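Scroll down for the structure; my scribbles are underneath it.
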Amino acid sequence: MSNLNILLIEDDMIEVMKLNRAVSSLKLQHNIVEANNGEEALKVLEQKDKLPDVILLDLNMPKINGIEFLKILKSDERLKYIPTIILTTSSNKRDLLACFEIGIAGYVLKPLKYEDYVFKIEKLLSYWSINELITA
C-alpha cells in the first residue's frame with residue numbers, strides 16, 4: 001500500500017480538520033493538500049509536476065461549486081484521469097447522477113457520527129492506496 005497525495009477541496013474548516021484528524025488517528029502517512037474552493041484547487045492543479053493521486057471534493061462550495069469544478073477537471077487532458085471522490089452531505093439523487101455522468105470515482109456521504117466517518121475514510125483511502133494510479 002502506498003501513501004497517497006490527496007487534494008481535499010472543502011470550504012468548511014471543521015470538515016478539513018475532521019479529515020486530518022481521522023487520517024492521523026488511523027496513523028496513515030498520506031499527504032493532504034487543502035483547497036478551500038474550486039478556484040484555489042485549480043491553482044494547485046496548475047503545478048503539473050505535483051498532481052495529486054486522488055481528489056476528495058465537497059459539492060457545496062462558493063464561487064465554483066463541486067459539479068462546475070468537475071466539468072472543468074474532466075475537460076482537461078492532463079487532469080481528467082485523477083480519481084475524484086465526492087465527499088458530501090448531499091444525498092440529492094440529481095447531484096449523484098450529475099456527478100457520475102461527468103465522471104467520478106466515487107460518491108461518499110459524510111456520516112454524522114465521527115466514528116462512522118473515520119470508518120468510511122479508512123476504507124476509502126485503503127482502497128485507493130492499493131490501486132495502480134496514473135502519476136504525472
Side-chain angles (χ1 to χ4, degrees):
M1 294 213 300
S2 57
N3 291 333
L4 298 170
N5 289 314
I6 300 165
L7 173 57
L8 172 64
I9 309 169
E10 170 65 73
D11 66 319
D12 183 338
M13 291 323 291
I14 292 169
E15 289 296 328
V16 171
M17 285 164 45
K18 194 162 80 173
L19 181 81
N20 280 308
R21 191 173 139 208
V23 168
S24 74
S25 75
L26 292 163
K27 305 212 178 342
L28 301 173
Q29 302 299 308
H30 302 305
N31 175 42
I32 301 170
V33 173
E34 298 154 13
N36 297 130
N37 56 55
E39 284 178 356
E40 217 176 274
L42 291 170
K43 284 195 183 81
V44 170
L45 292 167
E46 280 170 16
Q47 300 167 29
K48 300 286 189 194
D49 55 330
K50 309 192 301 206
L51 291 177
D53 298 311
V54 295
I55 295 172
L56 300 179
L57 173 64
D58 183 36
L59 284 186
N60 306 315
M61 293 183 300
K63 299 181 180 174
I64 304 174
N65 73 27
I67 290 174
E68 290 165 332
F69 173 82
L70 265 179
K71 286 178 180 166
I72 296 166
L73 187 78
K74 294 302 178 182
S75 65
D76 184 295
E77 281 307 308
R78 292 277 311 269
L79 305 176
K80 68 181 180 183
Y81 298 109
I82 303 170
T84 304
I85 300 102
I86 307 299
L87 196 55
T88 185
T89 53
S90 171
S91 57
N92 181 319
K93 293 286 182 262
R94 264 195 310 232
D95 285 347
L96 181 67
L97 187 60
C99 289
F100 275 108
E101 278 176 351
I102 298 164
I104 55 167
Y107 194 102
V108 177
L109 285 178
K110 295 176 196 168
L112 293 174
K113 280 177 63 186
Y114 180 69
E115 298 76 32
D116 297 341
Y117 177 84
V118 172
F119 177 81
K120 280 190 172 186
I121 293 300
E122 181 182 26
K123 296 289 174 266
L124 176 68
L125 297 181
S126 68
Y127 172 77
W128 285 106
S129 66
I130 62 168
N131 268 273
E132 295 303 316
L133 299 169
I134 297 170
T135 49

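Count residues from 1 along the sequence. Just so we're clear, the structure is a prediction, and the values are computed from it rather than from any experiment. As a basis for the values below, the full set of heavy atoms in this structure was taken, side chains included, without hydrogen atoms, waters or symmetry mates.
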Under a 4.5 Å cut-off applied to non-hydrogen side-chain atoms, are Leu109 and Lys120 in contact?
-> yes
In terms of hydrophobic clustering (I, L, V, M, F, W, Y; side-chain heavy atoms under 4.5 Å; direct or indirect links), are Tyr117 and Met17 co-clustered?
-> no
Is the closest side-chain donor-acceptor distance between Asp11 and Asn37 under 3.5 Å?
-> no
Closest non-hydrogen atoms of Ile9 and Gly38, given as atom of the first, atom of the second and distance, are CG2-N, 4.2 Å
So which heavy atom on Ala35 is nearest to which on Leu7, and how close?
-> CB-CD1, 4.2 Å
Can Glu10 and Lys110 be counted as an ion pair, charged N to O under 4.0 angstrom?
-> yes
Separation between CG (Leu96) and CD (Glu101), nearest 0.5 Å, reads 10.0 Å
Taking every heavy atom of Ser90 against every heavy atom of Asn60, the minimum-distance pair comes out as CB-ND2, 4.4 Å
Side chains of Ile82 and Leu45: closer than 4.5 Å at any heavy-atom pair?
-> yes
So do the side chains of Asp58 and Asp12 get within less than 4.5 Å of each other, counting heavy atoms only?
-> no
Does the distance from a Lys or Arg side-chain N to an Asp or Glu carboxylate O, for Glu40 and Lys43, drop under 4.0 Å?
-> no
What is the distance from atom CE of Met13 to atom CG of Asn20, rounded to the nearest 0.5 Å?
-> 8.5 Å
Nearest heavy-atom pair of Leu79 and Asp76: which atoms, and what distance?
-> N-OD1, 3.1 Å
Would a hydrophobic clustering, with Ile, Leu, Val, Met, Phe, Trp and Tyr connected at side-chain separations under 4.5 Å, put Val108 with Leu97?
-> no
Cluster question for you: counting only ILVMFWY and a side-chain heavy-atom cut-off of under 4.5 Å, with indirect links fine, are Phe119 and Leu19 together?
-> no
Pairwise side-chain contact, Ile6 with Trp128, heavy-atom cut-off 4.5 Å (strictly under) | no
Please report the closest heavy-atom contact between Ala98 and Ile67, naming both atoms and the distance.
-> CB-CD1, 4.0 Å
To the nearest 0.5 angstrom, please state how far the CD1 atom of Ile86 sits from the CG atom of Leu57.
-> 4.0 Å
What do you reckon, is OH of Tyr114 surrounded by more than 12 foreign heavy atoms closer than 6.0 Å?
-> yes
Interatomic distance, Asn131 atom CG to Asp53 atom CG [nearest 0.5 angstrom] = 10.5 Å
Distance in Å, Ile72 CD1 paired with Ile64 CD1, rounded so as to fall on 0.5 Å steps = 4.5 Å
OH (Tyr81) with more than 12 external heavy atoms under 6.0 Å | no
On a heavy-atom basis, the closest approach of His30 and Ser129 is CE1-CB, 4.2 Å
Atom pair NZ (Lys74) and SG (Cys99), whose distance is rounded to the nearest 0.5 Å | 11.0 Å
Verdict with supporting geometry, Val54 and Leu124, side chain to side chain contact (heavy atoms under 4.5 Å, CB included) | CA-CA 11 Å; Val54 295; Leu124 176 68; over 6 Å; no
